[in-house]
Student: 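My questions will all concern the structure given below.
Note that the structure is a prediction, hence the values are computed from the model and not measured.
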Amino acid sequence: MNKIEKYNPAVTKHVLLFLAGFVWIFGGTGLLFLAFSWLSVFAGGNLYLFVSLGIGSGLMIHHFGFLKIVDSNLKRILPMDQKKCMFSFISWKSYPIMGVMAVLGVALRHSAIPREYLAVLYTGIGLALILSSVRYMRHFVR
């Protein structure tokens with residue numbers, strides 16, 4: 001074993017499935033928390049409209065977007081026989097995309113866009129992340 005392999009935080013595919021599901025649930029919960037905190041102080045009459053649009057967009061994002069990402073990650077993780085780096089629960093090329101999404105989220109939070117409109121987007125993405133994480137957790141439990 002060389003020096004680099006000695007410090008590799010290698011884990012089984014079972015742990016990778018848990019990490020993937022946990023990260024998606026954690027991110028989705030954070031986004032939903034922000035969205036609901038913004039909507040809780042919203043005094044407008046369209047509260048149910050904003051929540052409904054967020055839930056509807058979450059279902060669409062989940063079905064048409066995130067499930068494809070989850071399936072591609074599962075196709076990569078499930079055949080693994082040996083331990084892999086614990087950060088390989090998503091592909092390496094996905095990390096820059098996550099960084100761009102995080103920066104975009106911060107930029108949106110600091111923009112002049114009204115919070116109730118951002119709450120629709122955050123509810124949609126947060127709900128989609130949580131719903132999509134179920135597929136990881138289902139494989140983890142098996």
Student: Please answer whether the main-chain N or O of R109 pairs with a side-chain N or O of R115 as donor and acceptor at a distance below 3.5 Å.
Tutor: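 Yes, the answer is positive, given that a donor and an acceptor are paired below the 3.5 Å cut-off.
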Student: Quick one: do V70 and V141 end up in the same hydrophobic cluster if we chain Ile, Leu, Val, Met, Phe, Trp and Tyr together by side-chain heavy atoms under 4.5 Å apart?
Tutor: yes
Student: Please confirm whether the backbone N or O of L59 pairs with a side-chain atom of H63, one donor and one acceptor, at under 3.5 Å?
Tutor: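 Such a contact is absent between H63 side chain and L59 backbone.
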Student: Measuring from atom CD1 of I61 to atom OG1 of T123, what distance do you get when rounded to the nearest 0.5 angstrom?
Tutor: 10.0 Å
Student: Give a yes or no answer on whether the side chain of S57 reaches the backbone of G54 with a donor-acceptor pair at less than 3.5 Å.
Tutor: yes
Student: Between the main-chain N or O of G105 and the side-chain N or O of Y122, is there a donor-acceptor pair closer than 3.5 Å?
Tutor: yes
Student: Side chain of K13, backbone of I77: donor and acceptor closer than 3.5 Å?
Tutor: no
Student: Check for me, please, whether V11 and M80 land in the same ILVMFWY cluster - side-chain distances under 4.5 Å, paths through other members count.
Tutor: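 The answer is yes; both residues are in one hydrophobic cluster.
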Student: Side chains of S133 and F66: closer than 4.5 Å at any heavy-atom pair?
Tutor: no
Student: Indicate yes or no: at least one non-hydrogen side-chain atom of M137 is less than 4.5 angstrom from one of I25.
Tutor: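 A side-chain contact exists here, since the closest heavy-atom pair is under 4.5 Å.
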Student: Supply the atom-to-atom distance F36 CZ to T29 OG1, rounded to the nearest 0.5 angstrom.
Tutor: 10.5 Å
Student: Has the side chain of Y95 got a donor or acceptor atom that lies under 3.5 Å from a matching backbone atom of F87?
Tutor: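 Yes.
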Student: Going through the checks in order, is the side chain to side chain contact (heavy atoms under 4.5 Å, CB included) test met by L78 and L17?
Tutor: CA-CA 9 Å; L78 290 176; L17 292 169; 4.0 Å; yes
Student: Looking only at heavy atoms, which two atoms of S132 and H62 are closest? And how far apart?
Tutor: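 Shortest heavy-atom contact: OG-ND1, 2.9 Å.
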Student: If you count heavy atoms of other groups shown closer than 6.0 angstrom to CZ of F140, is the number above 12?
Tutor: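 Yes - once you tally the heavy atoms of other residues, nucleotides and ligands closer than 6.0 Å, there are more than 12.
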Student: Answer with yes or no whether the hydrophobic clustering places I55 together with L32; edges join I, L, V, M, F, W, Y residues whose side-chain heavy atoms lie under 4.5 Å apart.
Tutor: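 I55 clusters together with L32.
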Student: Give the minimum heavy-atom separation between A10 and K83, together with the two atoms involved.
Tutor: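 Answer, listing the atom of A10 first, then K83: CB-CB, 3.7 Å.
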Student: Do R135 and L67 have side chains that approach each other closer than 4.5 Å (heavy atoms only, starting at C-beta)?
Tutor: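 Heavy-atom side-chain distance check passes, below 4.5 Å.
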Student: In terms of hydrophobic clustering (I, L, V, M, F, W, Y; side-chain heavy atoms under 4.5 Å; direct or indirect links), are M98 and I69 co-clustered?
Tutor: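 Yes.
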Student: So which heavy atom on F89 is nearest to which on V23, and how close?
Tutor: CZ-CG2, 3.8 Å
Student: For a quick test of reading the model, state the closest non-hydrogen atom pair linking P79 to L74 and the distance between them.
Tutor: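 Residues P79 and L74, closest heavy atoms: CD-O, 4.0 Å.
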